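In this text the structure is predicted, and so the values were computed from the model without any measurement. One is the number of the first residue; the rest follow in order along the sequence.
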Amino acid sequence: MLKKLFCCKPIYFAALFCISFLTTNAQSTKIGKELYQASAIPDSLKTEANSVVRYSSDVLVVKGAGRATKKHHSIITVLNEKGDDDAMQVLFYDRKFNSVGSFLMTVYNAAGLPLKKYHKSDMYDRAAVDGISIVTDDRLLAIKHTIASYPCTIELEYEKSLNSYLSLGSWVIQQPEKAVEFAEYIVQVSPETGFRFQNKNTKVAPIKTSDGILDTYIWKVANLKAAKPEDDALDWQITPRVIFAANQFQFDGIPGDFSTWQNYGKWHLALNQYASDLNPARVQEIQQMTADLKTDKEKARFLYEYMQHNIRYVSVQLGIGGLKPFAASFVDQKKYGDCKAMSNYMSALLQAVNIPSHYAIVNAGTNAEPADERFPNSAFNHVILCVPLKGDTTWLECTSSTQPFGKLGSFTENRRALLVTANGGLLVNTPKSTADDNQLNSDVQIKLNADGSAKVKMKLIGTGGYRETYVDLASAKLDEQKESLLRLYRIKQPILFNLTAAEDKNGLKEIDLDLEYDKFYEIAAGNKQFYRPRAFDLWSITCPPLDKRKTDYYFNYPMQKLCTTLIDLPEGFEVESLPANQTLKFTYGNYEVQYVYDTAKNQVKSVAKFNLNSQVIPAAKYTEMQQYMDNIAAAQNKKLVIRKKA
């Protein structure tokens, strides 16, 4: 898939709260010795569980906008090696906005006797390298205990403090294959902050009290049995959690209002106020570059491709720079920037030729959770650009040097983006691709020899998501190309593999494969040879049967596939039997394959088609889809049988 970049700091703070599981000293449940003893776990909580949360208490104290403290205390019994992550702790911090105070991890054996203690001084302290940013002030403290025998109990206690935030994070109540004996989350917050919360996949409600200074919210759960998630269920679909937010926030001393999406957009508008600062001489150059182009769309395309060829992605995340873009003049001079800087730069280029555009903040990642229009919150990690051309709104992914003009791809499509307009923030939907946008068209020629060896030539042409795959493959090493394609399309292992990448143009990417086999048949018996009648499977996914699916099933994108295969039989051979033609239908797609034997050419031709018209399959249609996928697998497993002529 296309490699794009998570380059905005708000997501870091949201993740920080989720990972850290904030807590309190004001524990509402007495901790007895039995919570350290594995034998005291009720049998009902062991079923399907890799670990059991015996006790967890988190507190978040928000004294004002931008000022918060957090404390955590938990006791977790690890039952088997699949629960080993509970013996590891990672705490994110930076040297400007938040810090880690005390930390203590205590390890107990099955009987509840202490084995080892780890303090903050024992933790590994390093930069929080994300594989993207070359410079960041984000850091992490990490510790891991290697469990020698099971069950084993891990007790964690730590404190954190923040002096800047956008998000108050969330309480993840229960994770997959983990039971919860008791857990509570306490928020103490100044009423002036405008505290809000939203339930996701849970109905748990808090008890609210007030002492006249702080409002206190207490959530509690107990005796939650472990559950195994359905295959391919998205975390945000199934994870029970409570999301916290405040209307008033402060980041790096800059106050803001999150009571509405419009107000949050106004904060970003002010933050970006002087970022489009190209000087008059540079503006004149840009106008001259586009002078011969007639329409705004032609100019926008030219400037987008100009940026792709001249500016490279580099992530630098320092302080407020994790939210505020570099100035356009900086990017123009230095020839680099991150998603914020490159989107702002592209906006400045368009502004130079009087084309309006909007900086757009989005939660990126294939099938990532969209922002909720009913609950303004810091739910973003990426920036793109929206260009409202007359009658043809165009979206631009500015961090990619290969993405076609006006195409977003699965990374940001079908999402809600916050446009930063002159009137503030406006939450809108990004485009949704169709099957026609994501096509795989292939032509295959297979020449069989009498001894069962074969030569195969394949031409694969991809658009949309398939194009992204082929663009990435073209730049990989040969061994990686081979491994990826053989696995992706279930291609039989060849003795010779050559890949040639044709030019990428007009939204199409072509790759050509030359393969050789010493034995291409599946079985040889007497004068007969049995073959798969294709070089690769048009569809390879199957799904396990379920009595009743609870969550919708997501594909990366809707798609359309076509494969035409010509098989030249060896001299002296003929077809004994062809696979049967098949037409399979599904509410959201269809599969069709037809075979023809040309006796004059001694050649078998097949045409296979696959369409998936929706990215999301409702849970109620899962069983129909599962049977449909099984039927495709059975159809593709039919054999072509050839024999020596008498």
Side-chain angles (χ1 to χ4, degrees), residues 6 8-19 22 60 62 165-175 185 187 189 193-206 217 219 233-249 251 256-269 323 358-384 386 395 408 410-421 423-432 550-554 615-616 618-619:
F6 295 77
C8 296
K9 214 151 192 172
I11 194 67
Y12 164 72
F13 285 94
L16 180 149
F17 281 95
C18 294
I19 293 170
L22 324 177
L60 168 64
V62 184
Y165 64 78
L166 288 180
S167 170
L168 294 179
S170 63
W171 177 33
V172 177
I173 297 170
Q174 185 179 21
Q175 295 173 331
Y185 203 105
V187 176
V189 57
T193 63
F195 176 73
R196 296 175 284 117
F197 64 90
Q198 182 186 48
N199 284 11
K200 293 283 189 177
N201 308 311
T202 182
K203 294 182 179 180
V204 64
Y217 298 79
W219 288 262
L234 302 177
D235 286 345
W236 59 267
Q237 284 184 294
I238 60 173
T239 303
R241 64 200 194 280
V242 182
I243 302 174
F244 308 123
N247 291 340
Q248 304 303 315
F249 69 89
F251 194 90
D257 184 308
F258 229 137
S259 59
T260 65
W261 288 118
Q262 182 181 21
N263 286 343
Y264 183 54
K266 289 179 179 178
W267 187 79
H268 272 279
L269 184 67
L323 293 168
H358 300 303
Y359 190 84
I361 314 169
V362 67
N363 189 26
T366 301
N367 291 322
E369 184 174 13
D372 191 330
E373 56 193 349
R374 301 164 301 174
F375 191 77
N377 188 33
S378 181
F380 309 110
N381 59 15
H382 190 54
V383 175
I384 53 180
C386 177
W395 293 82
L408 288 181
S410 62
F411 194 63
T412 54
E413 72 178 11
N414 196 22
R415 223 64 51 84
R416 294 189 187 98
L418 186 70
L419 301 188
V420 178
T421 75
N423 296 319
L426 178 64
L427 203 62
V428 301
N429 293 326
T430 63
K432 182 189 299 185
K550 297 178 181 178
T551 55
D552 295 343
Y553 191 98
Y554 280 70
Q615 179 182 1
V616 183

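- If you run ring-ring contact (aromatic ring centres under 6.0 Å, His included) between Phe258 and each of Phe375, Tyr264, Trp267, Phe251, only Tyr264 comes through.
- Put simply, the side chain of Val172 reaches to within 4.5 Å of the side chain of Thr239, judged on heavy atoms.
- The shortest non-hydrogen separation linking Gly265 to Val420 is O-CG1, 3.6 Å.
- Judged by distance alone, with hydrogens and angles left aside, the side-chain atoms of Arg416 form no donor-acceptor pair with the main-chain N or O of Leu427 at under 3.5 Å.
- Of the possible donor and acceptor atoms, none in the side chain of Asn199 sits under 3.5 Å from a partner among the backbone N and O of Ala205.
- The minimum heavy-atom distance between Leu408 and Pro431, with the atom names listed, is CD1-CD, 3.7 Å.
- Here the side chains of Asn377 and Asp372 are not in contact, with every heavy-atom distance at 4.5 Å or above.
- Thr366 OG1 to Asn414 CG: the interatomic distance, rounded to the nearest 0.5 Å, is 11.5 Å.
- Distance check: Ile384 CD1 to Glu413 CD gives 10.5 Å after rounding to the nearest 0.5 Å.
- Put simply, the side chain of Asn363 gets close to the backbone of Glu369: a donor and an acceptor are under 3.5 Å apart.
- When atom types are taken as modelled, the side chain of Thr430 and the backbone of Arg415 share a donor-acceptor pair closer than 3.5 angstrom.
- For an aromatic pair to be called close, the ring centres must be under 6.0 Å apart, and Phe380 with Trp261 satisfies this.
- In terms of heavy-atom proximity, Asn381 sits nearest to Ala364 at OD1-N, 2.7 Å.
- With values rounded to the nearest 0.5 angstrom, Lys550 atom NZ is found 10.5 Å from Ile238 atom CD1.
- Using a 4.5 Å cut-off on side-chain heavy atoms (C-beta onward), Leu168 and Phe195 make contact.
- With sequence neighbours excluded, no residue satisfies side chain to side chain donor-acceptor pair (under 3.5 Å) with Thr202.
- A distance of 11.0 Å separates NZ of Lys200 from OG of Ser170, quoted to the nearest 0.5 Å.
- For the 3.5 Å distance criterion, the side chains of Thr421 and Asn423 fail to qualify, holding no donor opposite an acceptor.
- Taking every heavy atom of both residues into account, Asn429 and Trp395 meet most closely at O-CZ2, 3.9 Å.
- What you find for Thr551 and Ala233 is that their closest heavy atoms are OG1-CB, 3.7 Å.
- Listed for the Asp257 side chain is a donor-acceptor partner under 3.5 Å among the backbone atoms of Ser259.
- When side chains are defined from C-beta on, His358 does not count as touching Leu426, because their heavy atoms never get closer than 4.5 Å.
- The backbone N or O of Pro240 sits nowhere less than 3.5 Å from a side-chain atom of Gln174 that would complete a donor-acceptor pair.
- The line from OH of Tyr554 to CD of Gln237 is 5.0 Å long, rounded to the nearest 0.5 Å.
- Proximity of a side-chain donor or acceptor of Arg196 to a complementary backbone N or O of Pro376 within less than 3.5 Å is detected.
- Interatomic distance, OG of Ser378 versus CD1 of Ile361, reported as 8.5 Å (0.5 Å rounding).
- Asn201 places a side-chain N or O within 3.5 Å of a backbone atom of Trp236 that can act as its donor or acceptor partner.
- Checked options Tyr165, Trp219, Tyr217; the residue passing with Phe244 is Trp219 (criterion: ring-ring contact (aromatic ring centres under 6.0 Å, His included)).
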